[in-house]
Amino acid sequence: MIFVVPFPDHDSALAASEVVWENEPKREDYVSDTAYQADYDAWREAADAAEDARATGAIFLCDDGCGFYTLLVVSGPMRGTMWFDGRATCDRLNPLLNDDRQAATFAEWYLDWLAHEESLTTPEQRRAAYQSWDEGTSAPIWYRWFA
């Protein structure tokens with residue numbers, strides 16, 4: 001039997017994670033390195049578990065570099081939608097939005113990516129496209145998070 005854990009409500013998972021992070025042990029509160037290290041190791045394990053729980057029910061589909069990822073949710077109410085993991089800089093996981101400002105499905109994300117990428121075969125085309133996207137013109141679903 002396979003036990004499937006649903007992708008969590010983002011705000012609830014973030015709040016649970018923040019509680020753990022707010023309780024990080026501080027070295028100056030301990031009289032010995034041994035006591036501090038033991039508490040820190042236990043805290044680190046809890047912090048890692050809280051962060052892992054925030055992406056439970058999703059597949060890390062694309063490594064966007066610099067600690068950023070694109071996720072495909074595979075369980076729970078948001079199943080089939082695409083999310084951006086921006087925790088490397090902003091502590092957020094956010095849905096990638098389609099033109100209707102709804103969480104994009106995998107098919108929408110993929111077809112949008114193909115439509116935007118197939119004509120970008122030269123460095124000049126890429127530079128022009130990125131400049132246009134930075135100005136807010138026809139940005140692909142995957143790029144809108146950065147705008």
Side-chain angles (χ1 to χ4, degrees), residues 1-27 29 36-147:
M1 179 162 121
I2 297 174
F3 181 68
V4 178
V5 178
F7 186 71
D9 168 72
H10 174 66
D11 292 331
S12 300
L14 176 59
S17 173
E18 286 175 342
V19 167
V20 174
W21 282 95
E22 289 169 358
N23 291 308
E24 179 179 359
K26 294 173 182 48
R27 174 63 188 99
D29 294 338
Y36 165 72
Q37 193 62 52
D39 281 358
Y40 180 84
D41 290 346
W43 170 82
R44 182 77 242 180
E45 190 172 311
D48 289 345
E51 288 306 311
D52 289 346
R54 292 178 61 196
T56 297
I59 296 170
F60 287 75
L61 195 62
C62 180
D63 183 336
D64 298 310
C66 300
F68 298 110
Y69 298 91
T70 300
L71 307 177
L72 168 60
V73 176
V74 295
S75 66
M78 297 303 293
R79 182 175 190 238
T81 60
M82 301 299 295
W83 286 63
F84 181 76
D85 182 351
R87 291 179 287 179
T89 58
C90 71
D91 208 33
R92 298 289 300 177
L93 281 118
N94 285 348
L96 291 171
L97 303 178
N98 61 21
D99 292 337
D100 296 328
R101 308 286 301 152
Q102 301 298 313
T105 65
F106 173 78
E108 289 171 326
W109 172 82
Y110 183 66
L111 293 174
D112 181 76
W113 175 80
L114 283 176
H116 282 87
E117 292 292 318
E118 66 186 351
S119 66
L120 304 180
T121 57
T122 68
E124 295 79 21
Q125 290 171 322
R126 284 200 170 282
R127 277 193 293 278
Y130 276 78
Q131 182 177 356
S132 173
W133 299 345
D134 285 340
E135 294 168 356
T137 306
S138 299
I141 289 170
W142 69 264
Y143 191 80
R144 293 174 192 167
W145 170 255
F146 298 100

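Please read all numbers here as calculations on a predicted model, not as lab measurements.
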Would you say the side chain of Phe106 lies within less than 4.5 Å of the side chain of Leu61, judging by non-hydrogen atoms?
yes

With side chain to side chain contact (heavy atoms under 4.5 Å, CB included) as the criterion, how do Asn23 and Glu18 come out once you've worked through the C-alpha distance, each side chain's angles and the decisive distance to 0.1 Å?
CA-CA 9 Å; Asn23 291 308; Glu18 286 175 342; over 6 Å; no

Interatomic distance, Leu71 atom CG to Leu93 atom CG [nearest 0.5 angstrom]
6.0 Å

Fit a plane to each ring of Trp133 and His116, take the angle between them on a 0 to 90° scale, and name the class: parallel (under 30°), tilted (30 to 60°) or perpendicular (over 60°).
perpendicular

Value rounded to 0.5 Å, distance of CG in Leu97 from CD1 in Ile141:
8.5 Å

Could you go through the side chain to side chain contact (heavy atoms under 4.5 Å, CB included) check for Glu117 and Trp142 one step at a time?
CA-CA 11 Å; Glu117 292 292 318; Trp142 69 264; 3.7 Å; yes

For a quick test of reading the model, state the closest non-hydrogen atom pair linking Thr105 to Glu108 and the distance between them.
N-OE1, 2.8 Å

Would Asp85 and Thr70 satisfy side chain to side chain donor-acceptor pair (under 3.5 Å), going step by step from the backbone distance to the final call?
CA-CA 6 Å; Asp85 182 351; Thr70 300; over 6 Å; no

Does atom CD (Glu124) have a neighbourhood of more than 12 heavy atoms from anything else shown, all under 6.0 Å?
yes

Relative to the ring of Trp113, is the ring of Tyr110 parallel (under 30°), tilted (30 to 60°) or perpendicular (over 60°)?
parallel

Find out whether Asp41 and Glu45 are in side-chain contact, i.e. whether some heavy atom of one side chain is under 4.5 Å from a heavy atom of the other.
no

Audit row: Arg54, Arg87, side chain to side chain contact (heavy atoms under 4.5 Å, CB included) steps and yes/no:
CA-CA 10 Å; Arg54 292 178 61 196; Arg87 291 179 287 179; 3.4 Å; yes

Within the 4.5 Å heavy-atom criterion, are Ser17 and Glu51 side-chain neighbours or not?
yes

I'd like to know whether the aromatic ring centres of Trp83 and Trp109 sit less than 6.0 Å apart in this structure.
no

Shortest non-hydrogen contact from Ala50 to Val20?
CB-CG2, 4.2 Å

Would you please classify the geometry between the Phe84 ring and the Phe68 ring as parallel, tilted or perpendicular, with 30° and 60° separating the classes?
parallel

Taking C-beta and beyond as the side chain, do His10 and Met78 meet within less than 4.5 Å on heavy atoms?
no

Surrounding CZ of Arg27 (heavy atoms of other residues, nucleotides or ligands, distance under 6.0 Å), is the total greater than 12?
yes

Looking only at the side chains, is there a donor atom on one of Gln125 and Ser119 sitting less than 3.5 Å from an acceptor on the other?
no

Does some side-chain heavy atom of Val4 sit less than 4.5 Å from a side-chain heavy atom of Ser75?
yes

What pair of heavy atoms forms the shortest contact from Ala53 to Pro8, and how long is it?
O-CG, 3.4 Å

Enter the distance from Thr81:OG1 to Leu96:CG here, rounded to the nearest 0.5 Å.
9.0 Å

Rounded distance (nearest 0.5 Å) linking atom CG of Asp100 with atom CG of Asn98
5.0 Å

CZ-CD1 distance between Phe7 and Ile59, expressed to the nearest 0.5 angstrom:
12.0 Å

Can you confirm whether the side chains of Tyr36 and Asp29 place a donor and an acceptor under 3.5 Å from each other?
no

Where do Arg79 and Val74 come nearest, in terms of heavy atoms and distance?
NE-O, 3.2 Å

Exercise: identify the closest heavy-atom pair between Ala88 and Cys66
CB-O, 3.5 Å

Electrostatic pair Lys26:Asp39 at N-O distance under 4.0 angstrom
no

